[in-house]
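Written below as structure tokens is the structure these notes are about.
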Amino acid sequence: MSINLLDISTPMHAAGFSHDEIMAVIGAFEQEKLLACVPGNRLLILKEIPV
């Protein structure tokens, strides 16, 4: 599944998260092979993200 990064970052900014905080979590999820950043400001979800 692929999602637009803006679709998740806009509400997260509104909730008080900074750009650096959002990117740190995305980076951690990439290292865990849960998602990948792909061209066009999109995130490709590779596995179910644990809650």
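- Nearest heavy-atom pair across Leu35 and Leu43 is CD1-CD2, 4.1 Å.
- When all heavy atoms of His13 and His19 are compared, the pair lying nearest together is CE1-N, 3.5 Å.
- Annotation for Leu44: hydrophobic cluster partners, listed by chain and number, are Val38, Leu46 (ILVMFWY side-chain heavy atoms under 4.5 Å, direct or chained).
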Result block: side-chain N/O donor-acceptor pairs under 3.5 angstrom for residues 1-12, not counting sequence neighbours:
from, atom 1, to, atom 2, distance (Å)
Ser2, OG, Arg42, NE, 2.9
Asn4, OD1, Leu6, N, 2.8
Ser9, OG, Leu5, O, 3.1
Thr10, OG1, Leu6, O, 2.9

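- For Glu32, the side-chain contact (heavy atoms from CB on, under 4.5 Å) partners two or more places apart in sequence, or in a different chain, are Leu34.
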